[in-house]
Engineer: 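Dropping a structure here in structure tokens format, bear with me for questions.
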There are 2 protein chains.
Amino acid sequence: MIIFLLYKIIYNAITTYITNRFDTKNNLLSLFRKHCVLKKKTVTIDDIARYLNIATSTVSRALSDHHSISDQTKKLIKDTAKKLNYRPNSLAANFRKGKTKTIGLVVPRINRNFFSNVIHGVEYVANQFEYSLIICQSNETYKSELEAIETLMNNRVAGILISISRETRKPGHIKSVIEKGIPLVQFDRVFEEIKSNKVLNDNLNGAYSAVKGLIDQGYRRIVHFAGPYYINIYQDRYEGYKKALLDSGLTPDEKLVFENILTREEGYEKTMEIFGKANRPDAVFAASDFSALGAMIALKDMNIKIPGEVGVVGYANEPFTDYISPGLTSVDQHSVEMGQTAARLLFEEILNEDENYVPKTLTLKPDLVIRDSSSGG
Amino acid sequence: MIIFLLYKIIYNAITTYITNRFDTKNNLLSLFRKHCVLKKKTVTIDDIARYLNIATSTVSRALSDHHSISDQTKKLIKDTAKKLNYRPNSLAANFRKGKTKTIGLVVPRINRNFFSNVIHGVEYVANQFEYSLIICQSNETYKSELEAIETLMNNRVAGILISISRETRKPGHIKSVIEKGIPLVQFDRVFEEIKSNKVLNDNLNGAYSAVKGLIDQGYRRIVHFAGPYYINIYQDRYEGYKKALLDSGLTPDEKLVFENILTREEGYEKTMEIFGKANRPDAVFAASDFSALGAMIALKDMNIKIPGEVGVVGYANEPFTDYISPGLTSVDQHSVEMGQTAARLLFEEILNEDENYVPKTLTLKPDLVIRDSSSGG
DNA sequence: ATAAATTACGCAAACGATTGCGTGATTATA
DNA sequence: TATAATCACGCAATCGTTTGCGTAATTTAT
């Protein structure tokens, strides 16, 4: 009995082996596959080496201008490389070196004026350093921001630039980047408490000069359309607003400040509400050009003269501020410059050899661009 | 004598050998180096395999959900991967596979409204397909465009999206991309003669409906501010302008068409010149919103009523067209949608298995957005 | 004249994942 | 009940560069 079972088992094993082994269909397939592989496509440094009958390492070094290769050999190798139409495989090089000549950028949205200008500035600098730029959108969500950081890290980018999404409240992912030793620059919307490079706008002084400008023109009861305070930039603008009032001997009135008025619609509604009543204020300082625009439209609809009766100042210096009439006085954030500065700072860290690099915080001074909407109370 | 020389040579060789061989300084250095290497940093699939005492290949397959791995093993592997804090090295994977999950985008300028919207659309779709996006600016120069294509190809992107720079006249680089078999989509500004995927705006019909709109409102002598004709889009807009006139029984007047009027300043100057004289035209159709804006400002400066005396229509539906007053009628190009369409088309080619893929040309229908600047002659 | 440094190049081992092929074992199919 | 197909996994080659180390030959410094 046992012998019979044993026999069955062994027999089965053998027959299975044989049938598997001589599976003609599969064998034909593999032959075909091998044939396909034969048609080699790309030329590698190995090909160049074989062609010139020298070592691969010499070719590699020659192509990257290593000092220990004679100019003569370099020229020879480079010429044949061109002749054979050699294209370096960056993938292989990056893999071997464990790093890339690519930097990653995470922004809330690409097609917002401020960010598209920042991106422009970043790309400009990256290009100078001969680095590529991978761009990710967080779409203002925490989830996408996480994913973006994840893929950038998996792709071993040389460094990361990020402006935090509106939804993001926890800095864990940012920390993990730093812990991995990946150079990082936070810009505009940042976690203050995280120790990293930062590029900020001096929002406090930007707001300060805006409000100061209104006061200087004779406006006194100045409304402030603020953004959500948990975002540093809006908090700072609010502080600047208050400081400007205090410095001019005016008392900030909480009843004139409205949080979370950022869009045109919100600006319009709120303006209708506030300026529709008696004893109305005489100016608006909006933390956003769009709510300022909404205010202007509302004022026009109520037949209130700008700047004659009410002055308006916005923030961000969106292109349209120059095109509407009256032109909207606004605070320019030098967005392109901010991108450039952030990128340069990142490269400073990337190219830094020193073990203990100390992160920097740079603050850009915004400029008040005075137009008609605020000139003359 | 000869023996002596021989002796000298051999002696030299031997001493040099010995001194080189026992260079203590270098040896110490190499020891130190080796020591440094010991502190391993990243955990690989090999580590996971060793940890679980299984084959590396099994780990690899499990992580990429290969069908031939049991769910049980998959779970085990994935769990330990998480436990060991494993991060996949995309570089290695990309290298091995010879391709990346990255697409490249080349645009003249990132921070132009149209392109930043396109980029937004592209990123949106790329993200859905779990691809990354590398962005390059040509800055409207041929040289940068070449370099961009070069680096994208060296980085083995899965596909390329491009809108030709203003300076580019020769399509050689575009051809080389196609010859290398890299999926390609040209959009907006394209080489018509190149056989590739294309996404275009129907500029002819866009212009047609714009001019038709003006005619319907009673305007008759319509000026056209055109762009340079060698760029397909401006040529098409000009054709649409003529066609609309002809279809309405009007005769196109060459004296009312001005090439290369694209900026606000150019629009302003030309409008001052044309409308300052007697027997002035009664409408402007500009191939650019900016020259249309220039026209509006000029007309205002000359106290000519818009739309009462002169109607104005622009092209591109820049954001500001909605903010100025009167609102500028313009042609919307659905720029975000164009980016999405182009990206989807690219992925169609990338994911295509068929050997002989036939490139497509998609044309998006622009929409006339009617605002006050053209309503009522 | 000797020691030390520099020049110029080759050898071969990485880097970390993927994947074709092989091998038993288990199911499904004829 | 043969036979075929599928399942589950391991082995080892491979992708194209880079780079540490080795070796002579030559130059420079002492």
Side-chain angles (χ1 to χ4, degrees), chain A residues 8-21 23 25-27 29-30 33-34 37 40 42-49 52-64 66-74 77 86-99 154 156, chain B residues 8-9 11-21 23 25-27 29-30 33-34 37 40 42-49 52-64 66-74 77 86-99 156:
Chain A
K8 285 300 313 176
I9 290 173
I10 291 171
Y11 176 81
N12 269 338
I14 289 175
T15 48
T16 312
Y17 171 81
I18 289 173
T19 47
N20 279 336
R21 192 78 192 78
D23 183 335
K25 210 206 296 176
N26 272 337
N27 276 345
L29 206 69
S30 74
R33 289 247 175 71
K34 256 179 195 145
V37 170
K40 225 202 163 198
T42 45
V43 18
T44 71
I45 56 170
D46 273 320
D47 296 327
I48 300 178
L52 292 174
N53 204 27
I54 55 175
T56 317
S57 53
T58 307
V59 178
S60 170
R61 283 192 254 258
L63 291 175
S64 51
H66 193 276
H67 65 272
S68 87
I69 303 293
S70 64
D71 289 343
Q72 200 188 347
T73 322
K74 272 184 195 167
I77 291 175
Y86 165 74
R87 325 250 95 211
N89 186 337
S90 308
L91 288 184
N94 291 338
F95 165 55
R96 170 62 225 250
K97 289 191 284 195
K99 62 185 174 189
N154 290 349
R156 304 294 191 270
Chain B
K8 282 308 303 180
I9 289 172
Y11 175 82
N12 270 338
I14 289 174
T15 49
T16 312
Y17 172 80
I18 289 173
T19 48
N20 280 335
R21 194 78 191 74
D23 183 335
K25 209 204 302 173
N26 272 337
N27 276 346
L29 205 69
S30 74
R33 289 248 176 71
K34 256 178 196 148
V37 171
K40 225 200 164 203
T42 44
V43 17
T44 70
I45 55 170
D46 275 320
D47 297 326
I48 301 178
L52 292 174
N53 203 27
I54 54 175
T56 318
S57 52
T58 307
V59 178
S60 170
R61 282 191 256 257
L63 290 176
S64 51
H66 194 275
H67 64 273
S68 88
I69 304 292
S70 65
D71 288 344
Q72 201 188 347
T73 326
K74 271 184 196 168
I77 291 175
Y86 165 75
R87 328 247 93 215
N89 186 337
S90 308
L91 289 184
N94 292 338
F95 166 54
R96 170 61 225 250
K97 288 191 284 197
K99 62 187 172 189
R156 304 295 191 267

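Letters go in sequence order (proteins before strands), and every chain restarts at 1. Remember, predicted model here, so these are calculated numbers, not experimental data.
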Engineer: If stacking means aromatic ring centre less than 5.5 angstrom from the base's six-membered ring centre, planes under 30°, is A/Phe95 stacked on D/dT17?
Structural biologist: no
Engineer: How many Å lie between CD on B/Gln72 and P on D/dC7, as a whole number?
Structural biologist: 16 Å
Engineer: Could you tell me the separation between the CG atom of B/Leu52 and the P atom of D/dG10, rounded to a whole number of Å?
Structural biologist: 10 Å
Engineer: Given atom NZ of A/Lys99 and atom P of D/dT17, what is their separation to the nearest angstrom?
Structural biologist: 18 Å
Engineer: What integer distance in Å separates B/Leu91:CG from C/dA14:C1'?
Structural biologist: 15 Å
Engineer: Just the rounded figure in Å: distance from C1' of C/dG16 to OH of B/Tyr86.
Structural biologist: 8 Å
Engineer: Run the side chain to side chain contact (heavy atoms under 4.5 Å, CB included) test on B/Ile77 and B/Thr58 for me, step by step, so that the C-alpha distance in whole Å, both residues' side-chain angles and the decisive distance to 0.1 Å come before the verdict.
Structural biologist: CA-CA 9 Å; B/Ile77 291 175; B/Thr58 307; 4.1 Å; yes
Engineer: Has A/Thr42 got a side-chain N or O lying under 4.0 Å from the OP1 or OP2 atom of D/dG16?
Structural biologist: yes
Engineer: For B/Arg156 and D/dT17, what is the distance between atoms CZ and P respectively, to the nearest whole Å?
Structural biologist: 8 Å
Engineer: Measure the distance from CD1 on A/Ile77 to P on C/dG10 and round it to the nearest whole Å.
Structural biologist: 8 Å
Engineer: Mind checking if A/Asp46 touches a base, just sugar-phosphate, or nothing, with heavy atoms under 4.0 Å?
Structural biologist: base
Engineer: Might you list the N or O atoms of the protein lying below 3.5 Å from N or O atoms in nucleotides 7-9 of chain C, with each pair's distance?
Structural biologist:
unit_1	atom_1	unit_2	atom_2	d
C/dC9	OP1	A/Thr73	OG1	2.7
C/dC9	OP2	A/Ser70	N	3.1
C/dC9	OP2	A/Ser70	OG	3.1
C/dC9	OP2	A/Thr73	OG1	2.9

Engineer: State whether the side chain of B/Ser90 and the backbone N or O of A/Asn154 hold a donor-acceptor pair below 3.5 Å, judged by distance alone.
Structural biologist: yes
Engineer: Between B/Arg156 and A/Arg87, which heavy-atom pair has the shortest distance, and what is it?
Structural biologist: NH2-O, 3.9 Å
Engineer: Looking at every non-hydrogen atom in both residues, tell me the closest pair between A/Arg61 and A/Ser68 and how far apart they are.
Structural biologist: CD-OG, 4.2 Å
Engineer: Would you sort out whether A/Val59 and A/Leu52 count as a side chain to side chain contact (heavy atoms under 4.5 Å, CB included), showing the intermediate values?
Structural biologist: CA-CA 9 Å; A/Val59 178; A/Leu52 292 174; 5.7 Å; no
Engineer: Assuming nearest nucleotide by heavy-atom distance, tell me which of A/Ala93 and B/Asn53 is located more 5' along DNA chain D.
Structural biologist: B/Asn53
Engineer: Quick one: A/Asn89 CG to C/dG16 P, roughly how many Å, whole number?
Structural biologist: 17 Å
Engineer: Would you say the side chain of B/Ile45 lies within less than 4.5 Å of the side chain of B/Leu63, judging by non-hydrogen atoms?
Structural biologist: yes
Engineer: Salt bridge (Lys or Arg N to Asp or Glu O under 4.0 Å) with A/Lys99: which residues, sequence neighbours excluded?
Structural biologist: none
